Amino acid sequence: MRRRLFTTQGQAASSKWTNIHALVRDQRLGILTLQETHLTPTLVDDIHNLFGHCLLIFNSSDPNNPTSSAGVAFILNREVMSTSHSKVHEIIPSQALLLTTTWHNSASLSVLNVYAPNDYHQQTSFWETLEEYWSDHALPKPDFMLGDFNLVEDPIDRSPPRLDLSAPSVALQDLQLSLNLVDAWRTDRPSERNYTFRTSSNSFSRID
DNA sequence: CCACCGGCCAGCGCATGATT
DNA sequence: AATCATGCGCTGGCCGGTGG
């Protein structure tokens, strides 16, 4: 149950965003990435009106169904980092957003936030489109890629174990090769089982 | 009048089992 | 092995009641 808390402010800013604001401040997070944000530009304005002193939001929304489908966002904490040199590139609307920024006056940092399609017919072309984008545009390669991948590359990442379709996994591996990325968590823990998503029927997966 | 709340419905996201 | 059909849970949108 999510209810509007700030109707006097005009439109929405649900308790979810109150919680996100508290989380970012309490944990002193610099950069938070979100998927399935379901935000419109108006909603982002509302959140900025409430929490803009602390949060800077870059959101990319679904052109057809912004409030009910997809959407990716970066949440920057102004209290922890300078946001003056931060900008985003909308690579695939609502599904792939690249943040370029500086981190504590040191080298530049780029982060790719992805929400891959859950329809497996679209997954292969999604990863291929990303790979082509970097060969067609002069963009810094991301230092980190994270988000909702909606696939696993190894049966160990599902419980009960199950192998996903091969074509999307191959496309993802090709992208990782071309961007010089590795699954850092799995590299550090070759055989550990841990999951990011679970269903009510006790199945688990590490698709995020 | 207006702010707030609960019920209901439809669409979305994910998994699973059947079918080809 | 790939695709289809289905189910479940969650969320947003809408409506209508309620109490100040």
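Below, read A as the first sequence line, B as the second, and so on, with proteins coming before strands; counting in each chain starts at 1. None of the values given here were measured: they were computed from a predicted structure.
Considering only residues two or more places apart in sequence or on other chains, Tyr115(A) meets the ring pair (Phe, Tyr, Trp, His ring centres under 6.0 Å) condition with none of them.
Listed pair Ser166(A) / dA1(C) fails the phosphate criterion, with no side-chain N or O lying under 4.0 Å from OP1 or OP2. A close approach under 4.0 Å does not occur between any side-chain nitrogen or oxygen of Arg198(A) and OP1 or OP2 of dA15(B).
In summary, of the residues considered (Ser69(A), Ser68(A), Ser61(A)), a side-chain hydrogen bond (donor to acceptor under 3.5 Å, both in side chains) with Asn65(A) occurs for Ser68(A) alone. For the pairing with Thr196(A), the side-chain hydrogen bond (donor to acceptor under 3.5 Å, both in side chains) check across Asp148(A), Asp208(A), Asp157(A) returns one residue only, Asp208(A).
Distance Leu163(A) CG to dT16(B) P: 14 Å, rounded to the nearest Å. Put simply, CD on Gln123(A) is 11 Å from C1' on dC14(B), counting in whole angstrom units. Separating the CG atom of Leu151(A) from the P atom of dC14(B) is a distance of 11 Å, rounded to the nearest angstrom. Here dC14(B) presents its C1' atom at 16 Å from OH of Tyr195(A), a figure rounded to the nearest Å. For the pair Asp119(A) CG and dA15(B) P, the computed distance is 13 Å after rounding to whole Å. Rounded to a whole Å, the CH2 atom of Trp17(A) is 12 Å from the P atom of dG12(C). The separation between Asn19(A) atom CG and dT11(C) atom P is 12 Å, rounded to whole Å.
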request  = Apply salt bridge (charged side-chain N to carboxylate O under 4.0 Å, His left out) to the pair Asp154(A) and Arg206(A), showing each step before the final yes or no.
outcome  = CA-CA 10 Å; Asp154(A) 190 295; Arg206(A) 193 173 70 92; over 6 Å; no
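The side chain of His121(A) has dC4(C) as its nearest neighbour among dT16(B), dG13(C), dC4(C). When distances run from any side-chain atom of Lys16(A) to the nucleotides dG12(C), dC4(C), dA15(B), the shortest one goes to dG12(C).
Side chains of Gln35(A) and Asn113(A): a donor-acceptor N/O pair is present below 3.5 angstrom, by distance only.
Looking at which nucleotide of DNA chain C each of Ser200(A) and Asp164(A) is closest to, the 5′-most match is held by Asp164(A).
Base contact: Tyr120(A) has a heavy atom under 4.0 Å from a base atom. Here Ser205(A) lies in heavy-atom contact (under 4.0 Å) with sugar-phosphate atoms only.
Counted within 6.0 Å of CZ on Arg189(A), heavy atoms from surrounding residues, nucleotides or ligands total more than 12; the atom is thus considered enclosed. In this structure, Phe144(A) places its CZ atom where only 12 or fewer heavy-atom neighbours from other residues, nucleotides or ligands lie under 6.0 Å away.
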Dump the pairs, protein N or O against N or O of nucleotides 11-13 of chain B, anything under 3.5 Å, distances to one decimal.
residue : atom : partner   : partner atom : Å
dC12(B) : OP1  : Asn65(A)  : ND2          : 2.5
dG13(B) : OP1  : Ser69(A)  : OG           : 3.3
dG13(B) : OP1  : Ala70(A)  : N            : 3.2
dG13(B) : O5'  : Asn118(A) : ND2          : 3.3

